[in-house]
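Input: a single structure, listed below in structure tokens.
Being a predicted model, the structure only gives us computed values, none of them experimental. Residue indices begin at 1 and follow the sequence shown.
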Amino acid sequence: MTTHAPQAAQAVTLPTTLDEAVAALTAMPAAVPVAGGTDLMAAVNSGQLRPAALVGLGRISEIRGWQYQDGHALLGAGLTHARMGRPDFAALIPALAAAARAAGPPHIRNAGTLGGNIASAAPTGDALPVLAALEATLIVAGPDGARREVPVSHLLAGVEMLRGGELIGYVRVPLLHAPQVFLKATGRTGPGRSVASVALVLDPARRGVRCAVGAIAPMPLRPLDAEQWVAQLIDWDNDRVLVPEALQAFGEYVAAACIPDPVPEPDGTVVPLPPAVLHLRRTVAALARRALGRALS
């Protein structure tokens with residue numbers, strides 16, 4: 001919750017359960033849900049948003065923790081970045097904990113929530129590539145106690161959207177019990193917005209590699225061909241060995257898939273990528289190479 005409501009807000013409702021919050025949103029279609037308020041207040045202060053009413057989610061205790069369920073972790077949407085960054089959570093989902101610790105300065109990590117990161121869908125959201133690589137699913141709460149599941153990637157791509165009165169209640173994440181890594185590059189030292197980020201997880205049971213690149217596009221990108229190619233080269237039966245040349249090639253493969261070469265003009269000429277784009281592609285390649293190397297080490 002924010003410490004104060006914007007002057008433009010006409011009403012503030014503070015439900016104590018998820019279903020009460022859904023009912024409030026259904027009764028007030030113009031209301032805006034708010035948890036940490038880190039993105040909402042920035043939009044209000046810049047004049048981009050003037051909510052008619054607010055539904056505060058800070059008192060809903062059921063979405064502020066997590067539980068185990070059929071080989072998955074069911075994460076409450078109200079989990080803060082600070083809470084996800086703690087050692088006990090890091091032992092559960094290391095890449096998501098690393099992303100939470102990198103989400104920004106302490107006051108942002110203490111307020112910002114997992115559900116807010118997803119609902120805002122900002123390209124630089126650090127949790128988003130991790131959830132994409134883990135192939136996480138959302139549990140969406142709707143009117144009259146309805147619940148439905150939506151893949152995180154579908155929501156971020158706009159394939160499925162939240163309907164009127166719906167709220168993200170939980171995030172269902174498979175527990176792989178295998179190495180996973182999150183790395184990001186920023187434009188300055190210390191916590192900051194990502195210029196590029198990479199989440200990479202190993203899935204030994206399926207002998208697979210899953211990778212997602214964030215911040216360089218409106219949604220996380222999955223280089224599926226690069227994943228399948230490198231998974232075939234890993235010696236899954238002998239300490240997951242991979243030759244250094246393959247690590248280098250994987251980084252280049254991921255970068256080229258996410259930032260492809262320009263399409264030739266009708267006359268056959270090819271306009272080279274601008275220097276800034278080439279630098280970004282090298283950054284993605286380096287992050288992907290390092291992420292896979294750390295996961296295999």
Looking only at heavy atoms, which two atoms of [X] and [Y] are closest? And how far apart?
X      : Y      : result
Ala141 : Val22  : O-CG2, 3.7 Å
Val12  : Leu14  : CG1-CD2, 4.1 Å
Ala111 : Thr80  : O-CG2, 4.3 Å
Ala196 : Leu287 : O-CD1, 3.6 Å
Thr13  : Ala24  : CG2-CB, 4.1 Å
Ile168 : Gly115 : CD1-O, 4.2 Å

Can you tell me how far apart [atom1] ([X]) and [atom2] ([Y]) are? Round to the nearest 0.5 Å.
X      : Y      : atom1 : atom2 : value
Leu247 : Leu242 : CG    : CG    : 5.0 Å
Glu245 : Leu233 : CD    : CG    : 11.5 Å
Tyr253 : Asp225 : OH    : CG    : 4.5 Å
Arg64  : Thr113 : CZ    : OG1   : 8.0 Å
Tyr68  : Leu92  : OH    : CG    : 4.5 Å
Met219 : His154 : CE    : NE2   : 9.0 Å

Review point. Does CZ belonging to Arg147 count more than 12 external heavy atoms closer than 6.0 Å?
Key: yes

Review point. Is Arg294 atom CZ crowded by more than 12 heavy atoms from other residues, nucleotides or ligands, each under 6.0 Å away?
Key: no

For residues [X] and [Y], determine if any side-chain heavy atom of one lies less than 4.5 Å from a side-chain heavy atom of the other.
X      : Y      : answer
Val198 : Pro129 : no
Leu176 : Val201 : yes
Ile93  : Gln180 : yes
Leu156 : Pro220 : yes
Glu252 : Val284 : no
Val34  : Leu57  : no
Pro204 : His177 : no
Ile139 : Glu149 : yes

Can a donor-acceptor pair be found, under 3.5 Å and without considering hydrogens, that links the side chain of [X] to the backbone of [Y]?
X      : Y      : result
Asn117 : Ala127 : yes
Arg210 : Ala133 : yes
Arg59  : Thr16  : no

Check your understanding: What residues, two or more places apart in sequence or in another chain, satisfy side chain to side chain contact (heavy atoms under 4.5 Å, CB included) together with Ala215?
Key -> Thr124, Ser194

Review point. Step by step, would you call Val150 with Thr137 a side chain to side chain contact (heavy atoms under 4.5 Å, CB included)?
Key: CA-CA 6 Å; Val150 178; Thr137 302; 5.7 Å; no

Review point. Which of these, Val213, Val254, Val209, Leu183, sits in a side chain to side chain contact (heavy atoms under 4.5 Å, CB included) with Leu200?
Key: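 Exactly one candidate clears the test, Val209.
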
Check your understanding: How far apart are the C-alpha atoms of Val55 and Val32, what are their side-chain angles, what is the distance that settles it, and do they pass the side chain to side chain contact (heavy atoms under 4.5 Å, CB included) test?
Key -> CA-CA 6 Å; Val55 176; Val32 176; over 6 Å; no

Quick one: do [X] and [Y] end up in the same hydrophobic cluster if we chain Ile, Leu, Val, Met, Phe, Trp and Tyr together by side-chain heavy atoms under 4.5 Å apart?
X      : Y      : answer
Leu221 : Val152 : no
Val181 : Leu175 : no
Leu74  : Leu134 : no
Leu167 : Leu75  : no
Leu155 : Leu96  : yes

Review point. Under 3.5 Å, is there a donor-acceptor pair linking the side chains of Thr269 and Asp267?
Key: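 The answer is yes; a qualifying pair exists.
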
Sidechain N-carboxylate O distance under 4.0 Å for [X], [Y]:
X      : Y      : result
Arg148 : Glu166 : yes
Glu135 : Arg172 : no
Glu227 : Arg222 : yes
Asp126 : Arg193 : no
Asp88  : Arg83  : yes

Practice item. Go through the steps to decide whether Leu273 and Arg281 satisfy the test side chain to side chain contact (heavy atoms under 4.5 Å, CB included), and finish with yes or no. Key: CA-CA 10 Å; Leu273 292 172; Arg281 188 153 84 168; 4.0 Å; yes

Exercise for review: Tell me, with the steps shown, if Asp261 and Val270 meet side chain to side chain contact (heavy atoms under 4.5 Å, CB included).
Suggested key: CA-CA 9 Å; Asp261 291 324; Val270 178; 6.0 Å; no

Review point. Can we call the ring centroids of Trp66 and Phe89 under 6.0 Å apart?
Key: yes

